[in-house]
Amino acid sequence: MSNISKNIIENRHLYKRDFRWRHTRDPYEIMIAEFMLQRTKANQVVPVYDDFLKKYPDIKSVSKADIADIARIIRPLGLHWRSGHFKKAAEYIIREYNGKFPSSKEELLKIPGVGDYVAGVILAVAFSKNTCIVDSNIARVLNRYFGLDLTGEIRRNKKIVELSDELFSHCNCEPKEMLFAIIDFSALICTPLNPKHGICPLKDDCKFVK
DNA sequence: CTCCTGACGG
DNA sequence: CCGTCGGGAG
C-alpha cells in the first residue's frame with residue numbers, strides 16, 4: 001500500500017490538472033464545486049462554477065437565491081434536481097451554525113445534498129483532516145491495482161472502502177494532495193476505457209496490467 | 001453506446 | 001441494498 005501511495009504522489013507531474021476550486025480552503029466554495037462535480041466531468045464544471053460564484057460569492061447570497069436562477073446556471077450540468085441543494089444547504093448552515101461550516105463528518109452529513117463523498121472532501125481540503133474518500137475513479141484505480149476484479153457499482157464495496165482508507169492514511173502529505181493526485185491519475189492515466197498502461201507509473205505493481 | 005470527483009428515496 | 005437522475009463529450 002505504501003508503494004501505490006508513494007508512486008501516485010511522486011509521479012504527480014505526469015497527470016497534473018488544475019482547477020479554480022482547488023485553490024481555496026473555503027468550505028463554501030468547496031461545497032459548491034463538489035455539488036457540481038457529482039457524476040459530472042470536471043472540465044464541464046469550469047465555466048458554470050465561475051458563473052455561479054460570480055453571482056453567489058458567499059453562503060448568504062445563496063440562501064436568498066431564487067432556485068429557478070440556480071437551475072438556469074447549472075443547467076448545462078444536467079441532474080437538475082441538484083439545484084435545490086445549493087439553497088437548502090446554505091439555509092441549513094446559516095440556521096444551524098450561523099453560517100459557519102461544522103468540521104466533523106457527522107455534522108457535515110446532515111447538510112442537505114452533502115453525502116459521504118462531499119463531506120470527506122470538505123474535511124480533507126478545508127480542514128486538512130485525513131478521512132476515507134471514495135469516488136468512482138478512486139474505486140476503479142484500487143479495483144484494478146489490487147486485482148479485485150469487482151464489477152458494477154463498486155464504490156461502496158467494503159474492500160474498496162478499506163483500501164481507500166489505507167491509501168489516505170499512508171500518505172505523508174496533506175490529504176487534499178492525495179485526493180487531487182489520485183483523481184487526476186484516474187482521469188488521465190487509469191481511464192475507464194483504454195487505460196494508458198504505457199505511461200502508467202504504477203504498471204510494475206498493478207495486477208490489472210498482467 | 002459508456003462515463004463523469006454521488007446523493008437520495010424507496 | 002438498489003434504481004434513478006441528465007446533459008455533454010468521446
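Naming: A, B, ... by sequence-line order, numbering from 1 per chain.
- Within the structure, every side-chain polar atom (N or O) of A/N43 is placed at least 4.0 Å from both OP1 and OP2 of C/dA9.
- When heavy atoms are screened at a 4.0 angstrom cut-off, A/R22 is found touching base atoms of the nucleic acid.
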Practice task
Might you work through the side chain to side chain contact (heavy atoms under 4.5 Å, CB included) test for A/I160 and A/N143, ending with a clear yes or no?
Solution key: CA-CA 7 Å; A/I160 291 283; A/N143 186 34; 4.0 Å; yes
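- One P atom belongs to C/dT4, the other to B/dT2, and the distance between them is 14 Å to the nearest Å.
- The base of C/dG8 has none of its N or O atoms less than 3.5 Å from a complementary donor or acceptor on the side chain of A/T40.
- Comparing the C1' positions of C/dC1 and B/dT5 gives an interatomic distance of 23 Å, to the nearest angstrom.
- Within residues 158-192 of chain A, the residues approached by DNA chain B to less than 4.0 Å at the level of any non-hydrogen atom are A/I183, A/P192, in residue-number order.
- Between B/dC3 and C/dG3, the distance separating the two P atoms is 16 Å to the nearest Å.
- Ring geometry for A/F86 versus A/F35: interplanar angle over 60°, hence perpendicular rather than tilted (30 to 60°).
- Within the 4.0 angstrom heavy-atom criterion, only backbone atoms of the sugar-phosphate kind lie near A/V114; the bases stay farther away.
- Judged by the 6.0 Å and 45° rule, A/R22 forms a cation-pi pair with A/F180.
- Between A/A119 and A/N137, the residue whose closest nucleotide on DNA chain B is further toward the 5' end is A/N137.
- Within the nucleic acid shown, A/G78 comes within 4.0 Å of at least one base atom, counting heavy atoms only.
- For the P atoms, the distance from B/dA7 to C/dG8 is 23 Å, rounded to whole Å.
- Taking 4.0 angstrom as the limit, A/W81 places none of its side-chain polar atoms (N or O) nearer than this to OP1 or OP2 of B/dA7.
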Exercise for the section: May I have the step-by-step check of side-chain hydrogen bond (donor to acceptor under 3.5 Å, both in side chains) for A/S169 and A/E166, ending in yes or no? Expected result: CA-CA 5 Å; A/S169 62; A/E166 239 184 293; over 6 Å; no
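- No hydrogens or angles were tested; on distance alone, a donor-acceptor pair under 3.5 Å links the side chain of A/Q44 to the base of C/dG7.
- Classification of the A/W21-A/Y49 ring pair by plane angle, with boundaries at 30° and 60°, yields perpendicular.
- Taken from NZ in A/K196 to NZ in A/K203, the straight-line distance is 14.0 Å, to the nearest 0.5 Å.
- Between A/R155 and B/dT5 there is no side-chain N or O to OP1 or OP2 distance below 4.0 Å.
- B/dG9 sits 22 Å from C/dG7 when the C1' atoms are compared, rounded to a whole Å.
- Atom-to-atom distance recorded for A/M178:CE and A/R12:CZ is 10.5 Å, nearest 0.5 angstrom.
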